[in-house]
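Scope of the values below: all heavy atoms of this structure, side chains included, with no hydrogens, waters or symmetry mates. Below, read A as the first sequence line, B as the second, and so on, with proteins coming before strands; counting in each chain starts at 1.
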Number of protein chains: 2
Amino acid sequence: MPTINDVAKAAGVSPSTVSYVLSGRRPISAETRARVQAAIAELGFHPHAGARALASSKTNVIALVAPLRVDVNVPVIMQFATAVVTAARSYNHDVLLLTKDEGTAGLERVAHSTMVDALILMDLERDDLRIPALRKLKQPSVLIGLPADHTGIACVDLDFGAAARTALSHLAGHGHRRIGLVGPSPAVYRRQTTYADRFLAGFLEASADLGLRTVTHPCEPGAEGVRSCMADLDAELDGLTALVVHNEEALRPLLDLLRATGRRVPEDISIVAICPRDVAISMPVNLTSIDIPAHDVGTLAVETAMRLLEGRRVEYTRLLEPSLVERDSCREISTSHR
Amino acid sequence: MPTINDVAKAAGVSPSTVSYVLSGRRPISAETRARVQAAIAELGFHPHAGARALASSKTNVIALVAPLRVDVNVPVIMQFATAVVTAARSYNHDVLLLTKDEGTAGLERVAHSTMVDALILMDLERDDLRIPALRKLKQPSVLIGLPADHTGIACVDLDFGAAARTALSHLAGHGHRRIGLVGPSPAVYRRQTTYADRFLAGFLEASADLGLRTVTHPCEPGAEGVRSCMADLDAELDGLTALVVHNEEALRPLLDLLRATGRRVPEDISIVAICPRDVAISMPVNLTSIDIPAHDVGTLAVETAMRLLEGRRVEYTRLLEPSLVERDSCREISTSHR
DNA sequence: TTGAAAGCGTTACCAG
DNA sequence: CTGGTAACGCTTTCAA
């Protein structure tokens, strides 16, 4: 492998000049630049990442801490990861993939050993133990999520509270007055994953504001979970005309169940789902949905990290506006039915 | 951040001694070792990864090149990734995540700039353009998949040919004689993703060996794709009593379709699926299936990479035995029906 | 517009 | 069993 010295000799310049040609951090005459670039190309020179990191204290790598379980939300996580990697590359950075399993120790390991310039975390919990650890790192971090105390740490996410309000006012606008929430699995609530709480809070608030009758219930995965969740909802509030579903896994079995029990969507019951667009349109009924903008959120997380690295100011809490797309699962209720 | 020199001073030894305490590459008296370790702990010393890489020409990072599209096989890809990261950590390595989109350039970039010690690639195509590039790298690589010409490169995968044979002989053993294959999407065949070809070849071979009447068809995603695939299969061979489904995405809509058209599983039609276990048991009918052992394959890929890095011998083609688990989707056909 | 040279923090070789 | 000290390959300050 040729080094910067080899290139310098071949081009008849000093190593520093080669370095400056590469970084563009100082003006170089067109002529020497050309000579240097020719030498680089001819020798197939590639700067050594470790040497660079050592000399410049920059690795051009960011850590992505992802919940690599197989249980929940797999497609969404994948979308986040894809967005983060793609965005990072567009800033000439690479991505080191860590699992959430390693916990605080993993973060400290990569940060202290200077493997990364910044960290992006997903799947934050309400009182996430990793946050105090993050504060002590010299590298900045960006959270995808919104834990309770996030002072001094940049957070990016969909505004789940607003999403719940949007869903309810859409249904209310269609005349619905009795509405059930099919929530995430109890495990998600138990972990206090921040989006579940925020959605639920927004839901209850909007329900009160709009004067609706609502019931909410977590929903275990699988056909059985859906069955029992629906039974609970129906038991606690009869005459349900609409459901808000904040649970990707539940959608398919839920639709199956409704069909099996003779409740047509949207004729007998309307649905607003919170899920990625492609999930919404891959169901037997094209679902009216509020998108989980994983791509935008991931990209924004990287952009925020980059600004932080440049020492620029950032907004420390950035919640993306939800946007509802009307499809085929919501129906106007005539006055007589109200 | 304290350096190795700070530690050396604090412990009253030379930096090289600290280094040797850390690496264990030469005997150290219990006493000095203790002093050094105390100093390390007290100062909170963490070796600088870049400096290490520079001095030792080892990064302790492996690249994982994953197909980060959102379209196909998302859960399986996630399982591979999880297994690779977990296994890598157990060898004290980290994982740099690259997308397949970057193609050959991405591999060369991380390899030439010495960011990684080895590469693991998934989603290989029959005549994958990246393979010649891999051969030129100084770092070893391990493929998850089996492209046509893989001489000199380690490959690890499920034995898809054997999986097809296993599926067919299971069905044949249950008396089935007319069997359809619901294959991956045409896009997968078009890309010549290696597992599709190998499965199909094994299927045709076993079909001939066992004297079966079989038809095969790719299957587009979604309800419509399944409908048209089934129509084709039925048209080309009537009296189908069993299906082999090598298409995760198709499973759910397929079961929906069969139910809608009054074909009960397994009473009227038997099914063997090739898919991860958790997919098989999350369907309305618990499916008899051949597992895609993503965890084992990912772990084995990392192990192979590690052996290669140690300069040890490896088997260059390692195809894992398929294992079929009987559940509720296959039925014995009585002689009268044959 | 360019060059020289001092680091950056480790490792590993050479001595003892 | 331990120490001294060249590398390792690049960036960046200081000078010119």
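Here the shortest heavy-atom pairing between A/Ala39 and A/Ala10 reads CB-CB, 4.0 Å.
Not counting sequence neighbours, the partners of B/Arg89 by the salt bridge (charged side-chain N to carboxylate O under 4.0 Å, His left out) test are A/Glu102, B/Asp94.
What separates CG of A/Asn60 from P of D/dC10 is a distance of 15 Å, to the nearest Å. Here D/dC14 presents its P atom at 13 Å from CZ of A/Arg26, a figure rounded to the nearest Å. Here C/dC8 presents its P atom at 11 Å from CG of B/Asp6, a figure rounded to the nearest Å.
Checked by atom type and distance alone, the side chain of B/Thr194 pairs as donor or acceptor with a backbone atom of B/Leu146 at under 3.5 Å. A distance-only check finds no donor-acceptor pair linking the side chain of B/Arg307 to the backbone of B/Arg312 [under 3.5 Å]. A distance-only check finds a donor-acceptor pair linking the side chain of B/Arg135 to the backbone of B/Thr151 [under 3.5 Å]. Counting only distance, with no hydrogens or angles, the side chain of B/Arg26 and the backbone of B/Tyr20 share no donor-acceptor pair below 3.5 Å.
For A/Ser57 and C/dC8, the shortest distance from a side-chain N or O to OP1 or OP2 is not below 4.0 Å.
Two end axes, each from the C1' atoms of five base pairs, can be drawn for the helix from C/dT1-D/dA16 to C/dG16-D/dC1; they diverge by 30°, to 10 degrees.
Within the 4.5 Å cutoff, side-chain heavy atoms of A/Leu22 are placed close to those of A/Arg52.
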Produce the list of close N/O pairs, under 3.5 Å, pairing protein atoms with atoms of nucleotides 9-12 of chain C; give distances to one decimal.
{"from": "C/dT10", "atom 1": "OP1", "to": "B/His48", "atom 2": "N", "distance (Å)": "3.1"}
{"from": "C/dT10", "atom 1": "OP2", "to": "B/Ile4", "atom 2": "N", "distance (Å)": "2.5"}
{"from": "C/dT11", "atom 1": "OP1", "to": "B/Arg52", "atom 2": "NE", "distance (Å)": "2.7"}
{"from": "C/dT11", "atom 1": "OP1", "to": "B/Arg52", "atom 2": "NH2", "distance (Å)": "3.4"}
{"from": "C/dT11", "atom 1": "OP2", "to": "B/Ser19", "atom 2": "OG", "distance (Å)": "2.7"}
{"from": "C/dA12", "atom 1": "OP2", "to": "B/Arg25", "atom 2": "NE", "distance (Å)": "3.3"}
{"from": "C/dA12", "atom 1": "N7", "to": "B/Tyr20", "atom 2": "OH", "distance (Å)": "3.3"}

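Within the nucleic acid shown, B/Thr32 comes within 4.0 Å of sugar-phosphate atoms alone, with no base atom in reach, counting heavy atoms only.
In this structure, a donor-acceptor pair under 3.5 Å is absent between the side chains of B/Ser16 and B/Ser19.
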